[in-house]
S.K.: 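The structure that follows is given in the form of structure tokens.
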Amino acid sequence: MMQCTDIHDRFLFRLITKKAFLYTEMVTTGAIIYGKCLEQLNFNREIEHPVAVQLGGSDPDELAECSRICSSLGYDEINLNVGCPSERVQKGSFGACLMKDPILVKECIEAMQEATSTPITIKCRIGVNDRDDVNFLNEFVAKIKNPNLKTIIVHARVAILKGLTPRQNRQIPPLKYENVYQLKQEFPELEVVINGGIIDIHDSLEHLEKVDGVMLGRSPYDNPMIVSNVDSKIFNETDLGNSRQEILKEYIQYCLDQADQGHPLSRTLKHIFGLNRGFKNAKAFRKLVLETIQQNNLEAAKEDLISMV
Ligand SMILES: Cc1cc2nc3c(=O)[nH]c(=O)nc-3n(C[C@H](O)[C@H](O)[C@H](O)COP(=O)(O)O)c2cc1C
């Protein structure tokens, strides 16, 4: 998620779960090829796997070039964004508007697959504008799929391409999980991952009766501890078991180290606003995090922050 799942946020999540698949923010092909924004592609090889990079673009050659770069960096998966409805993204002719052009999506996927052996996946919506019917999604997938495209992530809402902001496009169109379940029935060989409005592990387990995977966005970003038992409940492995205080201590040290390397608290510390969510002091904790960022004084505030969780 843009402005959210950067390298720092992913560090935080790796203190909470070792198994959940993490995704970068969308990085556009233009930023990589022309903007030389290679720093945005950095990830921490020792701790971040499994991790996927998400690309935004619609030029098969550029997507192939970026896939080569991402593959050489060691990403475990390269995901093509076919779901972002923002006007800026539409001007670049990528994101959700690509759902109207399945032939181009197919070309993009094939170019990316030819460029690398790293798995290529896509993330799309159930449809665009007035096409929120099961047929639209199933026909779209039938047109783009090939034997090497093994996974499709579907945000279970249509994207309204005119008149709604990206934020409204995540709230106003109703969630239609049934369309995603039916996609799985139509293409049982595909790994179908459902996304949109999924709050916690309990919710996730219900969806997993019908599809192969779940993707959670806002809920864990706003309340990171909800994924603290993902490893045991979903993957049958032992949870890391770090307490909120242990996580916070380690993350604060990380932020201090990052600050020494020039990464401001506004980029690093902001990810812990929700760490105390649902516990007493949650509001006071958020306030102190905000003040610490504004005053740029983590060293002075760290003991107070730790004592609040
Ligand atoms: C701040 C923000 C940034 C997002 N950025 C991206 C993005 O870069 N790529 C993407 O595929 N989806 C992005 N999304 C959409 C989420 O990945 C997800 O599809 C959507 O929020 C619905 O899932 P949720 O209800 O679990 O949050 C973003 C969402 C938010 C709130």
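Atoms within a ligand are numbered from 1 in the order they appear, just like the ligands themselves.
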S.K.: If we ignore hydrogens and angles and just use 3.5 Å, is the side chain of E48 paired with the main-chain N or O of F11 as donor and acceptor?
M.R.: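 Here the side-chain-to-backbone pair does not exist.
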S.K.: Using every non-hydrogen atom in the two residues, find where D231 and K18 come nearest and quote the distance to one decimal.
M.R.: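 Heavy atoms of D231 and K18 come nearest at OD2-N, 2.9 Å.
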S.K.: Please say whether G197 places an N or O atom under 3.5 Å from an N or O atom belonging to ligand 1.
M.R.: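 Yes, since at least one N or O of G197 sits under 3.5 Å from an N or O of ligand 1.
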S.K.: How does M2 reach ligand 1, if at all, at less than 4.0 Å between non-hydrogen atoms: by side chain, backbone, both, or neither?
M.R.: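 The part of M2 near ligand 1 is both the backbone and the side chain.
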S.K.: Taking the six-membered ring for Trp, are H207 and Y181 parallel (under 30°), tilted (30 to 60°) or perpendicular (over 60°)?
M.R.: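 Correct class here is tilted.
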S.K.: Under 3.5 Å, is there a donor-acceptor pair between the side chain of E77 and the main chain of T121?
M.R.: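 Checking the backbone N and O of T121 against the side chain of E77, no donor-acceptor pair under 3.5 Å is found.
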S.K.: Is it the side chain (CB and beyond), the backbone, both or neither of K123 that lies under 4.0 Å from ligand 1, heavy atoms counted?
M.R.: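 Looking at K123 and ligand 1, just side chain atoms fall under 4.0 Å.
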S.K.: Side chain, backbone, both or neither: which part of Q54 comes within less than 4.0 Å of ligand 1 when only heavy atoms are counted?
M.R.: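 The part of Q54 near ligand 1 is the side chain, not the backbone.
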S.K.: Any heavy atom of C84 closer to ligand 1 than 4.0 angstrom?
M.R.: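 In this structure, C84 fails to qualify as a contact of ligand 1 - no heavy atom is under 4.0 Å.
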S.K.: Look at the rings of F136 and F140 and say which category their plane angle falls in: under 30° parallel, 30 to 60° tilted, over 60° perpendicular.
M.R.: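 If you compare the ring of F136 with that of F140, the planes turn out parallel.
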S.K.: Got the closest protein heavy atom to atom 20 (C) of ligand 1, with its distance?
M.R.: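 Ranked first by proximity to atom 20 (C) of ligand 1 is H155 CE1, 3.7 Å.
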S.K.: So is C4 polar-close to ligand 1, meaning N/O to N/O under 3.5 Å?
M.R.: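 No; every N/O pair is 3.5 Å or more apart.
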S.K.: Output yes when a side-chain donor or acceptor of K176 lies under 3.5 Å from a complementary backbone atom of V158, and no otherwise.
M.R.: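 No; judged by distance alone, with no hydrogens or angles, the pair does not exist.
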S.K.: Is it the case that ligand 1 has an N or O less than 3.5 angstrom from some N or O of I198?
M.R.: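 N/O-N/O distance below 3.5 Å does not exist for this pair.
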S.K.: Please identify which atoms of ligand 1 are closer than 4.0 Å to at least one heavy atom of L216.
M.R.: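 Listed by number with element, the hits are 26 (O).
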S.K.: Polar-atom distance check: N195 versus ligand 1, any N or O pair below 3.5 Å?
M.R.: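 Min N/O separation from ligand 1 is below 3.5 Å for N195.
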S.K.: Which atoms of ligand 1 are found less than 4.0 Å from any heavy atom of G196?
M.R.: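 Every atom of ligand 1 under 4.0 Å from some heavy atom of G196: 22 (C), 23 (O), 25 (O).
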S.K.: Measuring from the heavy atoms of G83, does anything fall under 4.0 Å of ligand 1?
M.R.: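 In this structure, G83 fails to qualify as a contact of ligand 1 - no heavy atom is under 4.0 Å.
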S.K.: Does F43 have R45 sitting over its ring (NZ/CZ under 6.0 Å from centre, angle to axis within 45°)?
M.R.: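 Yes, R45 and F43 form such a contact.
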S.K.: Between D59 (side chain) and E62 (backbone), is there a donor-acceptor pair under 3.5 Å?
M.R.: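 Yes, because the side chain of D59 sits within donor-acceptor range (under 3.5 Å) of the backbone of E62.
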S.K.: Identify, by atom number and element, the atoms of ligand 1 in contact range of M26, meaning under 4.0 Å from any of its heavy atoms.
M.R.: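 Once the distances to M26 are compared, the set is 8 (O).
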S.K.: Determine, considering heavy atoms only, which of E25, Q171, R218, Q3 sits nearest to atom 27 (O) of ligand 1.
M.R.: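 Considering heavy atoms of E25, Q171, R218, Q3, the nearest to atom 27 (O) of ligand 1 sits in R218.
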S.K.: Please write down residue, atom name and distance for the protein heavy atom closest to atom 6 (C) of ligand 1.
M.R.: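 Of the protein heavy atoms, M1 CA, 3.6 Å lies nearest.
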S.K.: Any ion pair linking D304 and K302 (charged N to carboxylate O, less than 4.0 Å)?
M.R.: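 The answer is no: the pair does not qualify as a salt bridge.
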S.K.: Can a salt bridge be assigned to the pair R68 and E65 using a cut-off of 4.0 Å between side-chain N and carboxylate O?
M.R.: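 Result for this pair is yes, salt bridge flagged.
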S.K.: How far is atom 26 (O) of ligand 1 from the closest protein heavy atom, and which atom is that?
M.R.: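 Answer for atom 26 (O) of ligand 1: G217 N, 2.8 Å.
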S.K.: Looking at N81, which atoms of ligand 1 are within less than 4.0 Å of one of its heavy atoms?
M.R.: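 So the atoms of ligand 1 that pass are 9 (N), 10 (C), 11 (O).
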S.K.: Backbone, side chain, both or neither: what part of R170 comes under 4.0 angstrom of ligand 1, heavy atoms only?
M.R.: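 Side chain only; the backbone of R170 stays clear of ligand 1.
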S.K.: After noting the C-alpha distance and the side-chain angles of Y221 and Q3, does the key distance pass the side chain to side chain donor-acceptor pair (under 3.5 Å) rule?
M.R.: CA-CA 11 Å; Y221 189 77; Q3 314 291 328; over 6 Å; no
